[in-house]
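First up is the structure itself, then whatever we jot down about it.
Reminder, nothing fancy here: chain letters follow the sequence lines and each chain counts from 1. Side chains included, hydrogens not; waters and symmetry mates left out as well; all remaining heavy atoms used.
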There are 2 protein chains.
Amino acid sequence: MPRELQHGATIWDVARKAGVSITTVSHSLNGKGNISEATRERVRAVAAEMGYVADAMARGLRSSKTDAIGLVFRGLDSLGNYGPNGVDVFMKLAGAAAAETLNRNLGLMLVPDLSRGPLPPFSMSLDGYIVFAPHLDDPVVALLENRGIPYVTWDRDPGRPDFRNWVAHDDAASTRTVLDHLAAAGAGSIAYVGGTDRNAWNFDCEAAYVAWCLEAGMEPRIYHVPERDGVEGGQEVGARILADGLPGAVFCLTGRHASGAAQAMQERGIRIPGDVLVCTGSDSEHSRQHRPAISALDVDIPAAAAALVQRLCDVMEGKSEPDPVLLAARFLHRKSTSPGKARNQQKRGS
Amino acid sequence: MPRELQHGATIWDVARKAGVSITTVSHSLNGKGNISEATRERVRAVAAEMGYVADAMARGLRSSKTDAIGLVFRGLDSLGNYGPNGVDVFMKLAGAAAAETLNRNLGLMLVPDLSRGPLPPFSMSLDGYIVFAPHLDDPVVALLENRGIPYVTWDRDPGRPDFRNWVAHDDAASTRTVLDHLAAAGAGSIAYVGGTDRNAWNFDCEAAYVAWCLEAGMEPRIYHVPERDGVEGGQEVGARILADGLPGAVFCLTGRHASGAAQAMQERGIRIPGDVLVCTGSDSEHSRQHRPAISALDVDIPAAAAALVQRLCDVMEGKSEPDPVLLAARFLHRKSTSPGKARNQQKRGS
DNA sequence: GTACGGAACAAAAACGTTTTTGTGTAGCTG
DNA sequence: CAGCTACACAAAAACGTTTTTGTTCCGTAC
């Protein structure tokens, strides 16, 4: 049991005990001013012995640096609105980001959606922010922009083409990979199921799908389901797709939708992958759990978190802004897209 | 685009614009002093119009309240040492805790393991802490105790029987539930596989197992595998159990161990649940994914998080400390423990 | 012998709040 | 009309740092 009042050890206490002024203490510990090495060392020893740690508030007040960054936490309700890949991805990202920040000796604060309700106490004092999946006219980025707080986003901001501090997967390339794979596995027509959130993920994947169809001479079949509707929304769209005519493959952006759609079709006697291929743009427990397991695009979360934190640190240090970071998604080939006989509903190239 | 320098709007600016002193501003906004309702309202309006938010640093410095709590984040390396249920549970807890704190308008900061390396800047200024699964002589709780920072723990601290601010599942009751279930499903002998971390979870489950065996007249068969060894450790212990003689059931505390043990036995021709029942004390993706799916105890994470945050707030407000919170775990009955013919290796009661 | 300069440290200002203590005016009492 | 209270607000101290500006001492150059 060391000191009794270690809790309140202030810079004055250290100064008194070392027989110097508080200036000397501050300078000694921070390696700044002009202090003889002997004094510096002595002060360091005293401070260490007393377990002195500079008060973060006072330091932050003076130098307006908190050494902590924020991660905008979108609650479950708003995740329905914003978070395309669902809570799983978000929480994994939070964990990876925390692991990444600790390496740099930064704190990571989870703050609720900044756009509604009273601002959480610390939110405006953080050094920077990571924003998850900004949507069109996102009030959160508007607020940060307005306050001049540095931030990076996961996925690009669809409304700000000139904003460059983002990290994302190459959605266009990923989409083409998936579609090529489905076509190679025998799908002559491919239905696309996107979400309704107005974020880059939805926009870019759909655009890539349309472009790919054009090239392949295939008629686009596009469906939209609100992200928040999850598996049930997937079931509903599965039925709708069936009513419109069985395609060779169904590509659902979210894992929940894919799982629901697959389930709805299976319940109506359709076999996967025998009669239709199913694939999702974001792996989740639902896609893994489904029988047969659903092929998916997989996100390298640690890499994404590392890139985000790195970029944010760069921005905070005022480094010049290079190009956005594009990561490659892995395609996880599972049973739901095993190749088989041709499944052309509308003949390819017809 | 509102104001140009909203970023730096200070209490002085508000005071000047409202034609009052900063005292009046502070009092008006915080509903303290003795201010006429007219003035109070006018100041409020001006502040709102300017988008004024009190600087958290200054406020914190003055009143030594940060309105933020910390969650000790144990990195992947130390999770091997500390986190009994693996990273999944921890991240879910973090998410649930974040959702819970935002309701109270508190910030939640993830801080790295406090016991090693330099302390992250903010760690000693937070109002309180949630510590995940403290182990015997945990340096993190020692540090918090030493600094006089309020904290609650998830799972009790095995080394401090008189510390009461914890929330946990009733491990003894859960263990009995599982063992009763296994016995009822026909297991005449049950092998127990625990971890090596010195935390309450391991201690209490093992003690309950031993007690239950004594009552049931069954010879205890206890194995230990380091948590960090994961699935591979489970495979290894599965082989070891088999070499010692096939029991009627295997109860592994962690999902990874259970999955590995099941796998090792299945590879050697043992059928589950035909020849042996397998069950785990903490549900995870591994237990869900395994074929057959492995029965498990399931944690109600949101309830746990809510209880932890609630308790921490109580402690911070200096409320009297009631009894620790004991939550009930749900038992998820899956295929791996389907009842069948008696599987008595050693006859029950013999 | 005075002026200059650098080394080593100290004093004081500043950061933006909250809180304690003042201050002036009005109304009321005796 | 002196004195007291209540009211509405202002001034100033305090929180614990960092940083800017001083101060002292001493050696050296002119």
*Name the closest nucleotide to the B:Thr23 side chain, picking from D:dT17, C:dT18, D:dA12.*
D:dA12
_Separation of D:dT17 P from A:Asp13 CG (nearest whole Å)_ = 9 Å
_Using whole Å, what does the distance between atom P of nucleotide C:dC15 and atom CE of A:Met124 come to?_
22 Å
*Tell me which of A:Trp12 and B:Ser21 sits closer to the 5' end of DNA chain D, going by the nucleotide each one is nearest to.*
B:Ser21
*Which heavy atom of B:Ala96 sits nearest a heavy atom of B:Ala305, and at what distance?*
CB-CB, 3.4 Å
_Spacing of B:Ile22 atom CD1 relative to C:dT19 atom P, expressed in whole Å_ = 13 Å
*Do any side-chain nitrogens or oxygens of B:Ser36 fall under 4.0 Å of OP1 or OP2 in D:dC9?*
yes
*Provide, to the nearest angstrom, the distance between the CZ atom belonging to B:Arg40 and the P atom belonging to D:dC9.*
10 Å
_Length of the CG-C1' vector between A:Asn30 and D:dG16, whole Å_ = 13 Å
_Expressed as a whole number of angstroms, how long is the span from A:Leu61:CG to C:dG16:P?_
7 Å
*Please determine, for the side chain of A:Asn34, which listed nucleotide (C:dT17, D:dT17, C:dA8) has the closest atom?*
C:dA8
*asked:* If you only use heavy atoms from C-beta on, which nucleotide in D:dA10, D:dT20, D:dC15 is closest to the side chain of A:His27?
replied: D:dT20
_Most 5' of A:Ala58 and A:Thr24 on DNA chain C, judged by nearest nucleotide_ = A:Thr24
*Would B:Asp13 and B:Arg16 count as a salt bridge (charged side-chain N to carboxylate O under 4.0 Å, His left out) if you check the C-alpha gap in whole Å, the side-chain angles of each, and the deciding distance to 0.1 Å?*
CA-CA 5 Å; B:Asp13 305 333; B:Arg16 183 157 10 96; 3.2 Å; yes
*For the pair B:Phe122 and A:Phe122, name the ring-plane relationship: parallel under 30°, tilted 30 to 60°, perpendicular over 60°.*
perpendicular
_Applying a 4.0 Å non-hydrogen cut-off, can you work out what A:Ile35 is touching in the nucleic acid: base, sugar-phosphate, or nothing?_
sugar-phosphate
*For B:Val20 and for A:Ile11, find the nucleotide of DNA chain D with the closest heavy atom, then tell me which residue's nucleotide is more 5'.*
B:Val20
*Would you indicate which nucleotide in C:dT17, C:dC9, D:dT20 comes nearest to any side-chain atom of B:Thr10?*
C:dT17
*A:Arg59 side-chain proximity, nearest of D:dT18, D:dC9, C:dT18*: D:dT18
_For atom NZ of B:Lys32 and atom P of D:dC9, their distance in whole Å_ = 19 Å
*How about A:Arg147 and B:Val53: do any of their side-chain heavy atoms sit closer than 4.5 Å?*
yes
*Could you tell me whether the side chain of B:Thr39 has a donor or acceptor atom within less than 3.5 Å of a complementary atom in the base of D:dA8?*
no
_With a 4.5 Å cut-off on side-chain heavy atoms, are A:Val72 and A:Tyr151 touching?_
no
*asked:* Please tell me if A:Arg62 has a side-chain N or O lying less than 4.0 Å from either OP1 or OP2 of C:dA14.
replied: no
*Between A:Lys65 (NZ) and C:dA14 (P), how many Å, whole number?*
24 Å
